[in-house]
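Working notes, beginning with the structure itself.
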Amino acid sequence: MFDTLTGKLQQTFKRLRNKGRLTEADVKEALRDVRLALLEADVNFKVVREFLDRVEERAVGQDVLQSLTPDQGVIRIVRDELVKLLGSTPERVHMASNPPTVIYLVGLQGAGKTTVAAKLARMLRHQGRQPLLVAADVYRPAAVEQLKVLADKVPVPVVTEPGLNPVDLAELGLKMSRRLAKDVVIIDTAGRLHVDDVLMTELQEMHRRAPAHEMLLVVDAMTGQDAVKVALAFKERLPLSGVVMTKLDGDARGGAALSIRQVTGLAIKLMGSGEKLEDLELFNPDRMASRILGMGDILTLIEKAEASMDQRDAQALAGKIEKADFTLDDFRAMIEQVKKLGPLSKVMEMLPGMGGQMAKMKDQVDDRGLVRVEAILNSMTKRERAKPEILDGSRRLRIARGSGTSVQDVNRLVKQFDEMKKVMRQMKGKKGRSRMGRLPFPPLG
Ligand SMILES: Nc1nc2c(ncn2[C@@H]2O[C@H](COP(=O)(O)OP(=O)(O)OP(=O)(O)O)[C@@H](O)[C@H]2O)c(=O)[nH]1
Ligand SMILES: [Mg+2]
């Protein structure tokens, strides 16, 4: 996410750090680099100017320059202002006090509306809600089928009715939700190539007959400032309540995410970070600023771990780690858990210091390492996993053959495992570890 921007900002701050004492001129020079980085990232020029004015006013003050760590003072100010740029506090998708909550997803062709509809249904289901999808894109031939396929995976029911127009479909969706006792109606609407009058009039009519509690504009982060223009045009005609920014996993430059709030006043409420159904996150300005500055996003990572882990498994595992009574079988279970967090490259992106320059490294860790470790573990017998000390030369050779790896690979794994156990023994009894401390990462193979 925003690798180029993050890399540039990190370089700038590194130069600042290497200077020790800072003069006003040093800070101004650094801020010129920040300006360039933001402009290259396609952030709206007016937003950039106002942002830097605010940062500069605070950063060249004597209290910053004469502090013991002026570089950190400057970085903190940039971070603060970035958070403000992104909207300060997270804004949620509101639920109606009197259900069903009606949520419209609107936007241009290919922005990600249909995908977001299914992702949002999944997220709401995980929160204990009962969503219903309405396939109101009757223009693109395969649109209804696409939504149904995604909805089946959630799973969540879809309202469709051949021959009905979008306005009638929205109304039918509302009626069906009452009949089926669903508390959220998510309406997937048709996209257009450009903002056009027919579409806007139709959406207005839908809203008149089945009023929206949330009308979310879905925009593609890769389209940069165009996304901002689209948002302005939609906002003129429709009561938008927020933005869903998609494709933040791609090599978007950051311009759309960093400008849309300032230019349109619309809050980003959700973000899409991949093609899979679980790749939808609540947008959090504070965490996003940290990610942009390469400071990582440990909080999101912990939340993901907690959401994807079976609590009982996690506790049992933690108990074993605490007692240093940990076998290769447990190790295998742990790898399963880590895999649920998503591809390793994505996990690494959320670790501090992994943005920018370090981002190159993340291309080198891939999930093949994990797959190899798993293959080796699967080729062992249950007894071998429970008592790795019985792994002699001939057993290791058999395991290597069985897993399509080499004896060296097997040796390395056993050695890494021994080392992990050693660490666990050292940790044994130590209290007050962080939650992440209970989740040591397996070797990458
Ligand atoms: N990488 C990535 N791809 C996404 C994301 N969201 C959507 N996509 C992909 O973008 C393409 C278009 O998504 P759709 O959900 O069909 O977009 P739409 O707005 O419904 O498009 P129309 O119905 O044609 O207007 C699909 O191939 C999706 O898989 C995302 O967050 N990341
Ligand atoms: Mg669609």
Side-chain angles (χ1 to χ4, degrees), residues 1-2 42 91 93 103-125 131 133-154 156 158 166 184-196 199 203 206 212 214-235 238 240-261 264 266-284 288 342-343 346:
M1 199 185 283
F2 311 153
D42 195 26
E91 292 226 18
V93 176
I103 303 175
Y104 282 82
L105 297 169
V106 303
L108 292 190
Q109 223 165 66
K113 297 175 294 297
T114 305
T115 313
V116 170
K119 285 176 174 178
L120 183 57
R122 178 183 180 276
M123 185 184 262
L124 290 169
R125 262 187 62 115
L133 290 173
V134 179
D137 179 0
V138 297
Y139 304 107
R140 194 161 59 81
V144 175
E145 197 48 39
Q146 183 197 0
L147 185 65
K148 275 199 203 151
V149 169
L150 291 171
D152 275 349
K153 287 194 207 155
V154 176
V156 57
V158 182
V184 188
V185 182
I186 302 172
I187 304 177
D188 177 30
T189 66
R192 297 288 156 96
L193 268 177
H194 308 284
V195 178
D196 81 15
L199 173 70
L203 289 170
M206 289 168 85
E214 285 274 0
M215 189 171 284
L216 299 173
L217 177 72
V218 181
V219 293
D220 176 343
M222 311 278 280
T223 59
Q225 286 310 303
D226 280 344
V228 179
K229 283 191 206 120
V230 167
L232 283 174
F234 270 75
K235 195 183 165 213
L238 298 167
L240 296 182
S241 60
V243 170
V244 183
M245 189 149 292
T246 64
K247 308 186 196 180
L248 281 168
D249 52 312
D251 52 1
R253 287 181 292 164
L258 283 165
S259 325
I260 206 159
R261 174 66 189 247
T264 68
L266 293 166
I268 304 175
K269 292 194 169 178
L270 297 164
M271 58 187 212
S273 54
E275 296 195 48
K276 291 213 289 297
L277 282 180
E278 56 266 35
D279 297 331
L280 183 70
E281 295 172 44
L282 299 173
F283 185 81
N284 183 318
M288 181 55 99
K346 264 197 179 173

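Throughout, numbering of the chain's residues begins at 1 and tracks the sequence. In what follows, every heavy atom counts, from backbone to side chain, and hydrogens, waters and symmetry copies are set aside.
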Without swapping roles, check the side chain of [X] against the backbone of [Y] for a donor-acceptor pair under 3.5 Å.
X: Thr246; Y: Val219; value: yes
X: Thr264; Y: Ala231; value: no
X: Tyr104; Y: Met206; value: yes
X: Ser259; Y: Ala256; value: no
X: Asp152; Y: Val149; value: no
X: Lys113; Y: Leu108; value: yes
X: Lys119; Y: Asp279; value: yes

SB check Lys269 Glu214 (cutoff 4.0 Å): yes
Does one side chain, of [X] or [Y], offer a donor that lies under 3.5 Å from an acceptor on the other?
X: Thr114; Y: Asp188; answer: yes
X: Gln146; Y: Arg140; answer: yes
X: Glu275; Y: Thr115; answer: no

Side chain proximity check, Leu105 to Ile187, heavy atoms < 4.5 angstrom: no
Aromatic Phe283 / basic Arg261 pairing, under 6.0 angstrom, 45° off normal: no
Closest heavy-atom pair and its distance - Asp249, Ser273: CB-O, 3.2 Å
